[in-house]
Amino acid sequence: MEQSIHDAPVNASFVFCFAVFSVHSFTGTYGVNYGRIADNLPSPEGVVTLLKAAKIKNTRIYDANHEVLTALKGSGIEIIVGLGNEYLKEISIGEDRAMNWIKENVQPYLPGTKIVGIAVGNEILGATDVELWEALLPAAKNVYSALSRLNLEKTVEVSSPNSEAVFANSFPPSSCVFREDVLVYMKPLLQFFSQIGSPFYINAYPFLAYKNDPEHIDIRYALFEKNPGIYDAKTNLHYSNMFEAQVDAAYAALEKAGFGKMDVIVSETGWASRGDENEAGATVKNARTYNHNLRKLLAKKKGSPYRPKRVLKAYVFALFNENLKPGPTSERNFGLFKPDGSISYDIGFTGLKDSSATSSRLLSFKGVGAHHGWFISSYMLVLTASAASLLLILTS
């Protein structure tokens with residue numbers, strides 16, 4: 001039987017191999033989540049073309065799909081793969097199970113495909129399955145141990161994204177603490193991640209906060225627009241947007257748990273462009289405003305009010321609308337792009353023209369090089385810290 005996570009010490013053999021380093025799993029400040037719960041998406045090769053044209057260098061998927069990993073080979077795009085929640089209990093039992101998974105889903109694709117991280121589970125702590133809470137740390141340790149045996153621990157980061165449900169409260173940011181029932185599991189997990197140099201990943205959604213309480217939250221505050229903001233009396237800091245407040249709430253909770261030096265990276269954030277009648281704020285206009293302003297903020301490469309020297313980094317959710325996702329209408333409408341490769345709204349990516357000929361050629365694109373008679377017209381926007389400028393990508 002596996003040892004209880006509550007009192008499981010860090011394996012003594014780990015201590016010697018732990019080094020003070022961080023795996024560099026994020027280039028720049030902007031990434032996207034490539035969700036695929038849909039039956040109408042472009043081929044993985046077409047998606048890689050889209051990502052490269054948009055100069056997006058960081059992406060996350062929620063599994064380790066072999067077609068996607070093969071398509072990314074040689075692209076230079078860095079990817080975090082997901083070890084799904086359904087595997088956690090099995091992986092937690094023994095290192096050999098983790099080794100088998102890595103040898104099947106990670107090692108064969110390196111170094112051609114830049115797999116820079118494994119997300120062990122998704123939003124486990126704070127959810128309802130306590131058995132998964134217990135399996136999370138042993139699974140993460142086994143994955144790291146297997147990577148170490150393959151000499152990949154400095155190449156592939158081990159992490160686990162969290163939802164806001166791990167916090168007891170987050171307003172004002174300085175008051176944020178982990179839930180007491182979660183902290184029993186979170187603290188040893190953070191201790192482990194601290195030892196191996198992994199950051200704390202949080203899924204931060206001002207959209208969800210606003211949707212749940214539109215009467216008391218200023219939508220301008222949620223959308224990075226001009227507003228009075230909030231004042232945190234304890235830290236004497238002013239917040240002009242909810243995104244930074246959510247990031248600093250995570251920093252405050254980490255500090256109180258004894259991990260004030262750990263970096264925070266936003267593993268998901270975004271805004272729905274459509275929703276049900278009871279989903280306040282889910283409009284194309286608001287989605288465009290949020291994502292446009294978020295890109296501007298991240299492009300500044302600055303920190304948050306509480307951690308000004310820790311550069312803000314975030315993965316936007318999501319690359320595409322996903323028509324098979326369950327739940328409310330908003331769940332199927334977070335995409336920056338529509339399934340045909342055209343933009344959902346304009347935040348700088350021009351996407352494809354509406355021409356069916358152009359669309360079909362991109363979506364079936366199989367990696368033809370720049371001199372093979374293939375043409376992409378008026379395709380993307382390079383966002384610099386100073387200004388946004390359109391860059392036509394032409395291949396002929």
Side-chain angles (χ1 to χ4, degrees), residues 20-31 58 60 80 116-117 119 125-126 157-179 182-183 186-187 189-206 209 221-224 227 229-270 290 293-317 385:
V20 182
F21 68 85
S22 294
V23 178
H24 297 290
S25 60
F26 206 117
T27 298
T29 58
Y30 188 89
N58 308 282
R60 294 177 66 239
I80 292 178
V116 296
L125 299 181
E157 172 192 272
V158 178
S159 63
S160 187
N162 299 277
S163 74
E164 296 274 340
V166 299
F167 302 131
N169 62 290
S170 59
F171 181 84
S174 64
S175 69
C176 188
V177 292
F178 289 110
R179 279 169 37 187
V182 167
L183 188 60
M186 180 66 81
K187 199 161 185 176
L189 184 70
L190 293 174
Q191 178 67 29
F192 175 62
F193 285 156
S194 177
Q195 289 171 314
I196 65 174
S198 294
F200 180 81
Y201 282 92
I202 184 71
N203 295 341
Y205 282 97
Y221 176 64
L223 294 174
F224 305 94
N227 69 95
I230 68 158
Y231 173 69
D232 191 326
K234 182 178 179 181
T235 57
N236 198 29
L237 293 173
H238 178 265
Y239 289 89
S240 61
N241 64 81
M242 187 185 292
F243 176 80
E244 289 182 311
Q246 288 182 333
V247 170
D248 278 356
Y251 274 124
L254 287 170
E255 189 172 57
K256 289 170 187 167
F259 301 94
K261 294 183 179 180
M262 184 172 284
D263 286 333
V264 171
I265 294 179
V266 175
S267 38
E268 288 183 21
T269 189
Y290 182 83
N293 289 336
L294 175 68
R295 283 197 74 195
K296 285 201 304 183
L297 176 68
L298 296 175
K300 294 177 181 178
K301 297 182 178 179
K302 293 183 178 180
S304 60
Y306 193 54
R307 290 286 189 267
K309 294 183 179 179
R310 310 273 184 92
V311 176
L312 289 165
K313 299 178 180 182
Y315 291 88
V316 173
F317 187 86

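Tyr290 and Thr269 share a side-chain donor-acceptor pair at under 3.5 Å.
Interatomic distance, CG of Leu254 versus OG of Ser194, reported as 10.0 Å (0.5 Å rounding). Taken to the nearest 0.5 Å, the NZ atom of Lys301 stands 6.0 Å off from the OG1 atom of Thr29. The line from OG of Ser267 to CZ of Phe26 is 10.0 Å long, rounded to the nearest 0.5 Å.
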Take Val266 and Phe243 through the test side chain to side chain contact (heavy atoms under 4.5 Å, CB included) and record every step on the way to the result.
CA-CA 10 Å; Val266 175; Phe243 176 80; 3.8 Å; yes
Given the rule in the side chain to side chain contact (heavy atoms under 4.5 Å, CB included) test, do Phe317 and Tyr205 qualify, once you have shown the distances and angles that lead to the verdict?
CA-CA 10 Å; Phe317 187 86; Tyr205 282 97; 3.2 Å; yes
After noting the C-alpha distance and the side-chain angles of Glu268 and Arg60, does the key distance pass the side chain to side chain contact (heavy atoms under 4.5 Å, CB included) rule?
CA-CA 9 Å; Glu268 288 183 21; Arg60 294 177 66 239; 3.9 Å; yes
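The side-chain hydrogen bond (donor to acceptor under 3.5 Å, both in side chains) test applied to Thr235 returns no partner, not counting sequence neighbours. Partners of Ser160 by side-chain hydrogen bond (donor to acceptor under 3.5 Å, both in side chains), not counting sequence neighbours: none found. Remark: Tyr251 pairs with no residue by the ring pair (Phe, Tyr, Trp, His ring centres under 6.0 Å) rule, at least two apart or across chains. Residues forming a ring pair (Phe, Tyr, Trp, His ring centres under 6.0 Å) with Tyr30 (at least two apart in sequence, or on another chain): none. Every residue two or more places apart in sequence or in another chain was checked for a side-chain hydrogen bond (donor to acceptor under 3.5 Å, both in side chains) with Asn227, and none qualifies.
By the 30° and 60° cut-offs, the orientation of the rings of Phe200 relative to Phe178 is perpendicular.
Residue pairs meeting the salt bridge (charged side-chain N to carboxylate O under 4.0 Å, His left out) criterion with at least one member in residues 244-258, sequence neighbours excluded, are Glu255-Arg307.
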